[in-house]
Number of protein chains: 2
Amino acid sequence: MPATIRDVARASGVHISTVSRAFSAPHLVNPETRSRVLACAERLGYRPNRAARALITGRTHNVGLIVADIANPFFPPLIKAAESQARHRDYHVFVADTNEDPAAEEELVHALAKQVDGVLLCSPRMSNSLIEQLSREVPLVLINRQVAGLPAVMMDNGQGARSAIDHLLALGHRDLALLGGPRGSWTNREIRRSAVAAARAGGADLTVLGPNPPTESGGSALAEQVHRCGATAVLAYNDLMAIGLIEGLDALGIRVPQDVSVVGIDDIALSRLTRPKLTTVATPAAAAGRTAVDMLLQRDATTRAGRGAGRGGPGDDRRTTAQVMLQTELVIRDSTGPGPAVESHRAAAGGPDRQRTTPTANAVVAP
Amino acid sequence: MPATIRDVARASGVHISTVSRAFSAPHLVNPETRSRVLACAERLGYRPNRAARALITGRTHNVGLIVADIANPFFPPLIKAAESQARHRDYHVFVADTNEDPAAEEELVHALAKQVDGVLLCSPRMSNSLIEQLSREVPLVLINRQVAGLPAVMMDNGQGARSAIDHLLALGHRDLALLGGPRGSWTNREIRRSAVAAARAGGADLTVLGPNPPTESGGSALAEQVHRCGATAVLAYNDLMAIGLIEGLDALGIRVPQDVSVVGIDDIALSRLTRPKLTTVATPAAAAGRTAVDMLLQRDATTRAGRGAGRGGPGDDRRTTAQVMLQTELVIRDSTGPGPAVESHRAAAGGPDRQRTTPTANAVVAP
DNA sequence: CTGAAAGCGCTAACAA
DNA sequence: TTGTTAGCGCTTTCAG
């Protein structure tokens, strides 16, 4: 039986409220009394029960973090950053994994709701309306998802996709493919929209393949299709898929980057370890984790509703609901190379030949 | 303001205790009443506050899981397995990361203690005595660590190291090196002990390098030393170090497996993605996560102390404190090859590249 | 089967 | 500065 506040009170000959104050409002108690209380507490191995404390203060000093898949190397740096940021502020992070299952997201938010002061929802796949509804149950901060009225920190994957496509274009590629990510992913839509726009602006064809599971096997399964569609350069939804694709192409005897160039997104640690080293769009995952925690905790601090506060109707003070956009950056490594040789012709001729209203399907004839 | 049990009671015209029973003891309430209550609850969006419930029942329906480093690919499969196993039993898993800092372990156990029904301590680096002390504060199940009297699930890394060394010996290597892991790691001691014994039994030299950080950079930093010590085959504390070592050797112009053979431990997903594919000792991480949760929950079920129970003195019923040993298995891939003198034997000895033994036969060490 | 009452461990007015 | 008194939201005797 762990010691309770009452045991400490008895042992130090004071009232329990004094013990309580000794811990949570030290300045309100006589230094001598305080040290005596602390000594007794120490001796008895007493530690305040945070759950009981939360019941009355309404503050658990915990935050929840829901991610789709801990095993996806994109998340751990984000998780670690969130944890360390939270710990600096004396908060703990409870990490939960949905296994890429949208239904699990809702369930987890409910389960966490009463045990945390807020939830960081990372790349949620739920509908906007469900997210809004959940946000009335517990403060939410979104990561990589935008919903009107809710705080969010996003990584500029649109910009990332654009620079990746531009890079490929600059290398002379004109037949591009995009490996789409999972259905319901906001990030995926951003990437697709930007990639399509950038390809069109560059006068290139872009075949969109997907949706697909955002995993290595999801990527390798697409090797055939990529080959068949005649693309000489591919942008993948994430590094895992890019790496999988390279594997798959390798199995087909297609070399990267000699035959096909591949670009990923995320810059996970792994992308430096595979051969060829992956060209990819670096995504500020750690910064996102830190920022999200900051936003949640700041919001949390301003949200305190005193005991027995009103019904908290729709007139609520939804103060600074910031939406932060973090920059991404193309990292060029070894998985991208020059496009087919004939391209030099065209490059010399017109440069970025903008505005092809009729995308001439695979007009380029290989030698 | 989320609805409380009182709101539901008022709305459905019953006493709060009836609402309570409708949720936690359905058979004790009239089906009609129950469905009316449930309907009201549904309408009000009421969900029982688990924290408040925990305060009185003493059961939070949460378990904690403390790992050294979420970013180490060894852990995610274990975490996911633990989560899914827990969820089947209506428990949640709170994952925390110590950042390889032993001091953080203690702090986290304390912080979690009151919010969970038990803690899974994964490869803890603390002293035995501290672990024992903490186990009096909250039920503990150890993973990859053995402390007398405490339930534990271990992976037989000793056996794994032995089979790795034997494999190397069989390939004709006589100058071996072991890349040691972090200080304080029980697993590391097991590996070293077995590797040393196996090498000696085979009449080979084994140089132990370490302790080292169990990371990729920890491994690559050792390339020089490995080279200098003249080893032709190396066993690393884990796959990450093995992969790092291969990188480092590559930078030195040393080829794997032609010049040096390398074996890892863990069989993380990454080990199939690097070139050469890593020969490694597969470790049943997922099974360990599942088993640990089972042990904790089973123990938890038997531990219920009724309200106002006695002081729970030293006469406690420490029932089935099992220590389970999970088997490991050598997976031969491409990072190991014949030793210096026996090139010609290869074809003769070769054969298909694997020797997956029987799946996890678990030995139970009695309490 | 349902209600009344007594708390779980703690904090937060309000007095003293 | 300290003690008293109410609870937080819920479960659990014990009556009825």
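Each chain gets a letter, A, B and so on, in the order the sequences are listed, and its residues count up from 1.
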How many Å lie between [atom1] on [X] and [atom2] on [N], as a whole number?
X	N	atom1	atom2	value
A:I56	D:dG7	CD1	P	11 Å
B:Q115	C:dC10	CD	P	13 Å
A:I5	C:dG7	CD1	P	18 Å
A:L44	C:dG9	CG	C1'	15 Å
A:N49	C:dG7	CG	P	19 Å
B:K114	C:dC8	NZ	P	15 Å
B:H15	C:dA6	NE2	P	12 Å
B:L55	D:dT12	CG	P	12 Å

Donor-acceptor check, side chain of [X] to backbone of [Y], threshold 3.5 angstrom: yes or no?
X	Y	result
A:D97	B:K80	no
A:R50	B:A111	no
A:E105	A:R125	yes
B:R145	B:S123	no
B:D117	B:T60	yes
A:D101	A:T98	no

Subject >> Candidates C:dG3, D:dT2, C:dC10 - which lies nearest the side chain of A:T33 >> reply: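 Nearest to the side-chain atoms of A:T33, counting from C-beta on, is D:dT2.
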
Subject >> Residue B:V29, side-chain atoms from C-beta onward, closest of C:dT2, D:dG9, D:dT4 >> reply: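 Looking only at side-chain atoms, B:V29 lies closest to C:dT2.
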
**OP:** Identify the residue among A:V147, A:V119, A:L140 that makes a side-chain contact (heavy atoms from CB on, under 4.5 Å) with A:S135.
**Re:**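 Of all the options given, the one that passes is A:L140.
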
Subject >> Contact under 4.0 Å: A:R50 side-chain N or O vs C:dG9 OP1/OP2 >> reply: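 For C:dG9, OP1/OP2 do not have a side-chain N/O of A:R50 under 4.0 Å.
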
Original post:
Which dot-bracket notation, 5' to 3', represents the base pairing of DNA chain D when pairs are defined as Watson-Crick or G-U with both distances under 3.5 Å, crossing pairs as [ ], and inter-strand pairs as |?
Top reply: ||||.|||||||||||

Subject >> Residue closer to the 5' end of DNA chain C, B:L28 versus A:R53 (nearest nucleotide) >> reply: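 Residue closer to the 5' terminus by nearest nucleotide: B:L28.
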
Original post:
Considering only heavy atoms, which members of residues 16-26 of chain A lie under 4.0 Å from some atom of DNA chain D?
Top reply: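 Of all residues in residues 16-26 of chain A, the ones placing a heavy atom under 4.0 Å from DNA chain D are A:S17, A:T18, A:R21.
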
**OP:** Side-chain contact test, heavy atoms from C-beta onward, threshold under 4.5 Å: evaluate it for B:R10 versus B:I16 and give yes or no.
**Re:**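 B:R10 vs B:I16: side chains apart.
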
Original post:
What orientation do B:F23 and B:Y46 show, parallel under 30°, tilted 30 to 60°, or perpendicular over 60°?
Top reply: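 Geometry flag for B:Y46 against B:F23: perpendicular rings.
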
